[in-house]
Structures are given as C-alpha cells and as structure tokens.
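Reviewing the structure listed below.
Sequence lines set the chain letters: A, B, ... in the order given, protein chains first and strands last, and positions in each chain run from 1.
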Amino acid sequence: MDKENFFEKVYEVVRLIPRGRVTSYGAIAEYLGTKGSSRMVGYAMNGCGTAYPPVPAHRVVNRQGLLTGKRSFATPHLMQQLLESEGVEVENDKVKNFKKLFWQPGAEL
DNA sequence: GCAATGACTGGAG
DNA sequence: CCTCCAGCCATTG
C-alpha cells in the first residue's frame, strides 16, 4: 500500500510521543500540514492495530483530552489503563492536566 | 465518480 | 451547561 503515506506519517508522529505525554488529533493533523483533517488522524488510527510497530494510540486524545477513541480499542478500558500505567492521570474518561501533559509534534524534537 | 462514513472541531442554539 | 449542526479531508463501497 503506497497510499499509507498519510497513515504512515500519523503513525510516525504518534510513535514520537514521549511516555506519559498525550496529544490531540488536531495537533497531529496540523503538523502533517493537513490542518482541519483531524478526522483523518482518527481514521488513520483505525489501522493502528494492523500497523507495525504498534502505535501508542492511547496517547492520542481529542482536543478536550477526552478518550474518544477508547471505544475502538480492544477493550474500552484498555486505553485508560495504558495511560494510567504510563503515569497519566485519567478521570471520567478524560486526561487530567491534559494541558500540562499535552505534547506537540516537533515542539520538543 | 458520487455518496456515505469517521478515534474531530468549533460555533450556534 | 448541554445538544445540535455544518465544515473538514481521506478512505471505502
């Protein structure tokens, strides 16, 4: 699949997310140059399970820090569990201190 | 090639 | 504060 260029870019950025940090779909989309295509980021993540190496999609949340994509995980609580396992506090399906844990692609490269 | 869908976003009601 | 709507772009049927 040569069309995975977009997906590949998304995976690449997501893999660069440091442990214990999170980012938003819009931030990734903007970094890819396709600002506004936040849906594509989430859509791309749809294949994160088939992508290799595996993509830490649990570190990718919506702009509110809400775990919107947890429903697409193997188990809905897996995402929160992984985040908590990395030191990210999650409450009510949303990341606490999201603004503080927010990681922007390229910002710390 | 058109229509529908989606792990989003921001604004309006 | 909560809900609904329209715009956004790439993938799929």
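Within the 4.0 angstrom heavy-atom criterion, only backbone atoms of the sugar-phosphate kind lie near A:Ser37; the bases stay farther away. No engagement by A:Ala44 is indicated, since no non-hydrogen atom pair under 4.0 Å with the nucleic acid exists. Using a 4.0 Å heavy-atom distance criterion, A:Ser72 is classed as a base contact.
Taking each heavy atom of A:Ser24 and A:Phe98 in turn, the nearest pair found is CB-CZ, 4.4 Å. Considering all non-hydrogen atoms of both residues, A:His58 and A:Val61 come closest at O-CG1, 4.3 Å. In terms of heavy-atom proximity, A:Gly20 sits nearest to A:Leu101 at O-CD2, 3.5 Å.
Computed from coordinates, the A:Tyr31 OH to C:dC9 P distance equals 20 Å when rounded to whole Å. Atom OH of A:Tyr25 and atom P of B:dT9 are 8 Å apart (whole Å). A:Asn62 places its CG atom 5 Å from the P atom of B:dT9, with the value rounded to the nearest Å. Between the CD atom of A:Gln64 and the C1' atom of B:dT9 there is a distance of 9 Å, rounded to whole Å. Computed from coordinates, the A:Met79 CE to B:dA7 P distance equals 12 Å when rounded to whole Å. A straight line from OH of A:Tyr11 to P of B:dA7 spans 13 Å, rounded to a whole angstrom. Between A:Ile28 atom CD1 and C:dA10 atom P the separation is 16 Å, expressed in whole Å. A straight line from NZ of A:Lys35 to P of C:dA10 spans 16 Å, rounded to a whole angstrom.
Mapped onto DNA chain C by nearest heavy atom, A:Ser38 and A:Thr34 fall at different nucleotides, with A:Ser38 at the one closer to the 5' end.
In terms of modelled atom types and a separation under 3.5 Å, the side chain of A:Asn62 and the main chain of A:Gln64 share a donor-acceptor contact.
Once rounded to the nearest 0.5 Å, the distance linking OG1 of A:Thr23 with CD1 of A:Ile28 reads 5.0 Å.
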Donor-acceptor contacts, no H, no angles, side chain residues 72-85 of chain A, under 3.5 Å, sequence neighbours left out:
unit_1: A:Gln80; atom_1: NE2; unit_2: A:Glu84; atom_2: OE2; d: 3.3

Listed pairs under 3.5 Å, donor-acceptor, residues 42-50 of chain A side chains, sequence neighbours left out:
unit_1: A:Thr50; atom_1: OG1; unit_2: A:Gly47; atom_2: O; d: 2.8

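In this structure, the nucleotide among B:dT9, C:dA10, B:dA7 sitting nearest to the side chain of A:Cys48 is B:dA7. Which of B:dT9, B:dA7, C:dT11 sits closest to the side chain of A:Thr68 comes down to B:dA7.
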Using a cutoff of under 3.5 Å, can you pull out all pairs of nitrogen or oxygen atoms linking the protein to nucleotides 1-4 of chain C, with atom names and distances?
none

Output one line per pair: protein atom, nucleotide atom from nucleotides 10-13 of chain B, and distance, for all N/O pairs under 3.5 Å.
unit_1: B:dG10; atom_1: OP1; unit_2: A:Arg63; atom_2: NE; d: 3.0

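Between the side chain of A:Tyr43 and the base of C:dA10, no donor-acceptor pair of N or O atoms lies under 3.5 Å.
Residues passing the side chain to side chain contact (heavy atoms under 4.5 Å, CB included) test with A:Lys35, sequence neighbours excluded: A:Glu30. Legend: residues meeting side chain to side chain donor-acceptor pair (under 3.5 Å) with A:Thr68, ordered by chain and number and at least two apart, are absent.
Salt-bridge annotation for A:Arg21 and A:Glu86: absent, with no side-chain N of the basic residue lying under 4.0 Å from a carboxylate O of the acidic one.
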